[in-house]
Amino acid sequence: MTSATTLTSALEPAHRERLMRLAREVSFEAGIRLFEEGRRADRFWIVRTGTVALDLHVPGRRPAVIETLGHGELVGWSWHFPPHLWHLGAQATSPVRAWEFDADAVLRLCAEDAEFGRAVAIWVGQVVAQRLHASRVRLLDLYAPYGSGSLM
């Protein structure tokens, strides 16, 4: 999948290189929760292999899966905006290999280099917009009487 929100599409090579200097390789087994809605957001990931499901707490029901993320996609955006609390939950749906980033280190780099910070902010903003749209469509599919219907 290639979209404007994947790392390689969203950041120019120089900015990607700066960001990747802060990366640490991690892996998760299928079924592992990466984070829970409402808890402190202090890191984020870029998926290398595998898939991660984003879910939303729905009172009285199982969490609703909003979107499934794969190669090159950003897992977690809440670290970028105060109060730095997760807006969704995330779970590995298959074995996942990812790059993990410490949010404070990335935010410091953004503050030190305005051009880099702007590029990251635009990238994260695009991800937020895309996730908001995906959440709307998914919740309408699940709970509206006629599904999401036409989007345009």
Side-chain angles (χ1 to χ4, degrees), residues 1-12 15-16 19-20 22-23 26-104 106-107 109-111 115-152:
M1 168 189 254
T2 301
S3 76
T5 60
T6 61
L7 179 64
T8 54
S9 298
L11 294 178
E12 65 180 53
H15 292 147
R16 271 197 315 271
L19 180 65
M20 292 308 295
L22 301 174
V26 296
S27 59
F28 303 100
E29 294 179 22
I32 296 294
R33 297 288 295 174
L34 279 69
F35 52 86
E36 297 289 341
E37 190 175 341
R39 296 208 179 139
R40 180 162 160 53
D42 61 356
R43 67 197 69 228
F44 63 95
W45 301 265
I46 304 294
V47 176
R48 296 176 61 205
T49 62
T51 54
V52 174
L54 298 178
D55 55 41
L56 179 65
H57 175 73
V58 180
R61 297 178 183 247
R62 292 180 51 201
V65 173
I66 298 301
E67 189 171 13
T68 301
L69 307 176
H71 176 74
E73 293 189 280
L74 174 66
V75 179
W77 55 264
S78 302
W79 60 273
H80 198 270
F81 304 102
H84 306 290
L85 299 174
W86 295 117
H87 287 81
L88 300 169
Q91 181 169 324
T93 56
S94 70
V96 171
R97 290 177 42 222
W99 288 296
E100 183 177 83
F101 299 85
D102 176 86
D104 288 337
V106 174
L107 290 170
L109 190 58
C110 289
E115 186 179 326
F116 174 81
R118 182 176 182 277
V120 169
I122 289 170
W123 172 42
V124 173
Q126 289 173 327
V127 169
V128 171
Q130 190 274 329
R131 302 268 161 84
L132 179 61
H133 178 76
S135 298
R136 175 189 172 275
V137 169
R138 182 67 176 136
L139 291 173
L140 285 171
D141 282 344
L142 289 172
Y143 304 113
Y146 303 106
S148 60
S150 174
L151 297 176
M152 296 294 161

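As the structure is a prediction and not an experimental result, all values here were calculated from the model.
Using a 4.5 Å cut-off on side-chain heavy atoms (C-beta onward), Phe116 and Leu19 make contact.
Note on ring orientation: taking the six-membered ring where Trp is involved, the planes of Phe35 and Trp86 are parallel (angle under 30°, cut-offs 30° and 60°).
For the atom pair Ile46 CD1 and His71 NE2, the distance stands at 10.0 Å (nearest 0.5 Å).
When all heavy atoms of His80 and Val124 are compared, the closest pair comes out as CB-CG1, 3.9 Å. The nearest pair of heavy atoms linking Val106 to Phe101 is CG2-CB, 4.0 Å.
Partners of Thr51 under the side-chain hydrogen bond (donor to acceptor under 3.5 Å, both in side chains) rule, at least two apart in sequence or in another chain, are Thr93, Ser94. A search for side-chain hydrogen bond (donor to acceptor under 3.5 Å, both in side chains) contacts involving Arg33 returns Glu36, Asp55, Gln91, not counting sequence neighbours. When the side chain to side chain contact (heavy atoms under 4.5 Å, CB included) test is applied to Val47, the partners found at least two apart in sequence or on another chain are Val52, Val75. Applying the side-chain hydrogen bond (donor to acceptor under 3.5 Å, both in side chains) criterion to His87, with sequence neighbours excluded, gives Ser78.
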Subject >> Trace of the side-chain contact (heavy atoms from CB on, under 4.5 Å) decision for Leu88 with Glu67 >> reply: CA-CA 11 Å; Leu88 300 169; Glu67 189 171 13; over 6 Å; no
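The side-chain hydrogen bond (donor to acceptor under 3.5 Å, both in side chains) pairs that include a residue from residues 56-66 number zero, where partners must be two or more places apart or lie in different chains. Within the structure, salt bridge (Lys or Arg N to Asp or Glu O under 4.0 Å) pairs that include any residue of residues 42-52 comprise Glu25-Arg48, Arg43-Glu100 (at least two apart or interchain).
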